[in-house]
K.L.:
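Shown below is the structure under consideration.
Predicted, not measured: the structure shown is a model, and the values here were computed from it. By convention in this document, chain letters (A, B, ...) are assigned in the order of the sequence lines, proteins followed by strands, and residues within each chain are numbered from 1. Atoms considered below: every heavy atom in the structure, side chains included; atoms not considered: hydrogens, waters and symmetry mates.
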Number of protein chains: 2
Amino acid sequence: MKNYELVLHRVEADLAAGRLRIGGRLPGERALAEELKISRPSVREAVRVLEAMGIVRTATGSGPEAGAVIVAEPVSPLTALLRLHLATNHLPMGDVVQTRILLESWAAREAAGRPLELDAVADLLDRMDAPGLSPEEFHLLDAEFHVALAGLAGNVLIAAVMESLRSAIHGYVLAAVPNLPDWEATAVGLRGEHRAIIAALAKGDGDAASRLVAAHIQGFYQAAQLSS
Amino acid sequence: MKNYELVLHRVEADLAAGRLRIGGRLPGERALAEELKISRPSVREAVRVLEAMGIVRTATGSGPEAGAVIVAEPVSPLTALLRLHLATNHLPMGDVVQTRILLESWAAREAAGRPLELDAVADLLDRMDAPGLSPEEFHLLDAEFHVALAGLAGNVLIAAVMESLRSAIHGYVLAAVPNLPDWEATAVGLRGEHRAIIAALAKGDGDAASRLVAAHIQGFYQAAQLSS
DNA sequence: TCTACCCGTGTGGTCGGACCACAGGCTAAG
DNA sequence: CTTAGCCTGTGGTCCGACCACACGGGTAGA
């Protein structure tokens, strides 16, 4: 067993046993090293891994925000993981798009059966109507909209995976915008589809919302020739 | 920008540009340090992160298997990520189970529409019929069965997520076996459900396969009182 | 007495160098 | 030609040092 794994196991056990909680702090690197009879570089490697997994957030200085603070932020690690594996070309973009369709259409169906607060989502759509938005700005708002939709279903895991998928392919999406024959026309179509989706949700029509979401995503990626 | 992030960005760029491929090797830690004008500890932190993300596998010694070899193994990192976030209690077990149901029932429906090679899966089921299997042995075979099913749909991302979900909760599942009123009776029921699922797949009945898978998973976790 | 400044202290961030264990490949001896 | 043993380069680990940073309390001034 490598030395840095000692730290990982120790932290996982402490989390599971409740000795470490969100908002709490890890012992200092020097203290942890002495406690586990290993060197500070080994501790640091473990802390880096925990940071990369979204378990802690490190900061210099002093005070309650400094040091290694326990958080639980799964989105950025998942995003990084997906981006890297996409870069290896062993994760086909088509599979990612298919997964988005599955998760989001499920989320739409599930959300339709719940009491919803759609004002914030509608506000997002209003902001997407602003004239002169660049593709980049439009897609950032679009991402917010899709993440908010996924969140309405109330499953934190699916919402996190959804957001990570969206973030991981953001760069690829922007790079594919020139593939579209007419960006402005595409944007108009997307805006209309968004309105139709929240209208279906507001009516509680899960089947329609689910179908519209699936067609919305599939349509865009086919138009941008990104499904491969 | 922290120094170890230089290495991460460099590796991601090299992967995306095809300068690094699966099976290839990272430059040695000392060479990378000198090239990027940073210290070896900083490089090591980055390599650890890449290892934790399943991008490289490190080994000592010399020869083609030594050093930091590029792989693309997303399952163990995803598993570790899920396990840690489960340990923080900010990822409800119920959400994990719900996600499994979604992914696996989709996979079953999708697989039913494809030409399938079910011999290996049937062989797994035969091995699960062996008398005297411990709950641990049974669940390992069960995991293999579910992973194989998810693989039949042909989406590597969904298959990887499925396997990671299954692995991450494996410990919790085993710990919950005593909650079952009668393990032997439960095992008999699970075996029958497995047979029914592959029968539906063999007939190409996606609806039935999907429904059976969902009921199969939901039923077990409800019996084991693990859905909370 | 109150206020503003400043420096002490502890945090992570980085570095250079050293030594170890390991495994393959090369070389020299048989 | 075979084989045993050394050489070389890999990651694994450690030490000790110094830096940048930010809070917080102590102190000097109003």
K.L.:
Can you spot which of A:I55, A:V69, A:L20 makes a side chain to side chain contact (heavy atoms under 4.5 Å, CB included) with A:L26?
P.N.:
A:L20

K.L.:
Whole angstroms only, please: what is the CZ-P distance between A:R30 and C:dG12?
P.N.:
7 Å

K.L.:
How many Å lie between CD on A:E29 and P on D:dG16, as a whole number?
P.N.:
17 Å

K.L.:
Compute the ring centroids of A:H139 and A:F220, then answer whether they are less than 6.0 Å apart.
P.N.:
yes

K.L.:
Once you round it to whole Å, what is the distance between P of D:dG9 and CG of B:L32?
P.N.:
18 Å

K.L.:
Are the side chains of B:Y221 and B:R100 in contact, using a 4.5 Å heavy-atom criterion?
P.N.:
yes

K.L.:
Could you tell me the separation between the CZ atom of A:R25 and the C1' atom of C:dT11, rounded to a whole number of Å?
P.N.:
8 Å

K.L.:
Does any part of the side chain of A:Q98, heavy atoms only, come nearer than 4.5 Å to the side chain of B:E110, both counted from C-beta?
P.N.:
yes

K.L.:
Nearest whole angstrom, please: distance from the P of C:dC15 to the CD of B:E34.
P.N.:
13 Å

K.L.:
Any donor-acceptor pair under 3.5 Å joining the side chain of B:R48 to the base of D:dG12?
P.N.:
no

K.L.:
Write down the distance between CD (A:E65) and P (C:dT11), rounded to a whole number of angstrom.
P.N.:
16 Å

K.L.:
How about B:R44 and B:E29: do any of their side-chain heavy atoms sit closer than 4.5 Å?
P.N.:
yes

K.L.:
Within this structure, what is the OH-to-P distance between A:Y4 and D:dG12, rounded to whole angstrom?
P.N.:
8 Å

K.L.:
Relative to the ring of B:F138, is the ring of B:H194 parallel (under 30°), tilted (30 to 60°) or perpendicular (over 60°)?
P.N.:
parallel

K.L.:
Minimum heavy-atom separation for A:H146 and A:E104, please, with both atom names.
P.N.:
ND1-OE1, 2.7 Å

K.L.:
Decide, yes or no, whether a salt bridge links B:R57 with B:E73 under the criterion of side-chain N to carboxylate O below 4.0 Å.
P.N.:
no

K.L.:
Rounding to an integer number of Å, can you tell me how far A:N3 CG sits from D:dG11 C1'?
P.N.:
13 Å

K.L.:
Heavy-atom contacts under 4.0 Å between residues 54-64 of chain B and DNA chain D, which residues?
P.N.:
B:T58, B:A59, B:T60, B:G61, B:S62

K.L.:
If we only count heavy atoms from C-beta on, is the A:L50 to A:T58 side-chain gap below 4.5 Å?
P.N.:
no

K.L.:
Side chains of B:R48 and B:Y4: do they bring a donor and an acceptor to under 3.5 Å?
P.N.:
no

K.L.:
CD/A:E35 to CZ/A:R10 distance, rounded to the nearest 0.5 angstrom?
P.N.:
4.0 Å

K.L.:
Would you jot down, in residue-number order, the residues of residues 35-45 of chain B having a non-hydrogen atom under 4.0 Å from DNA chain D?
P.N.:
B:R40, B:R44

K.L.:
To the nearest 10°, give me the bend of the helix from C:dT1-D:dA30 to C:dG30-D:dC1, comparing the axes of its five terminal pairs at either end.
P.N.:
20°

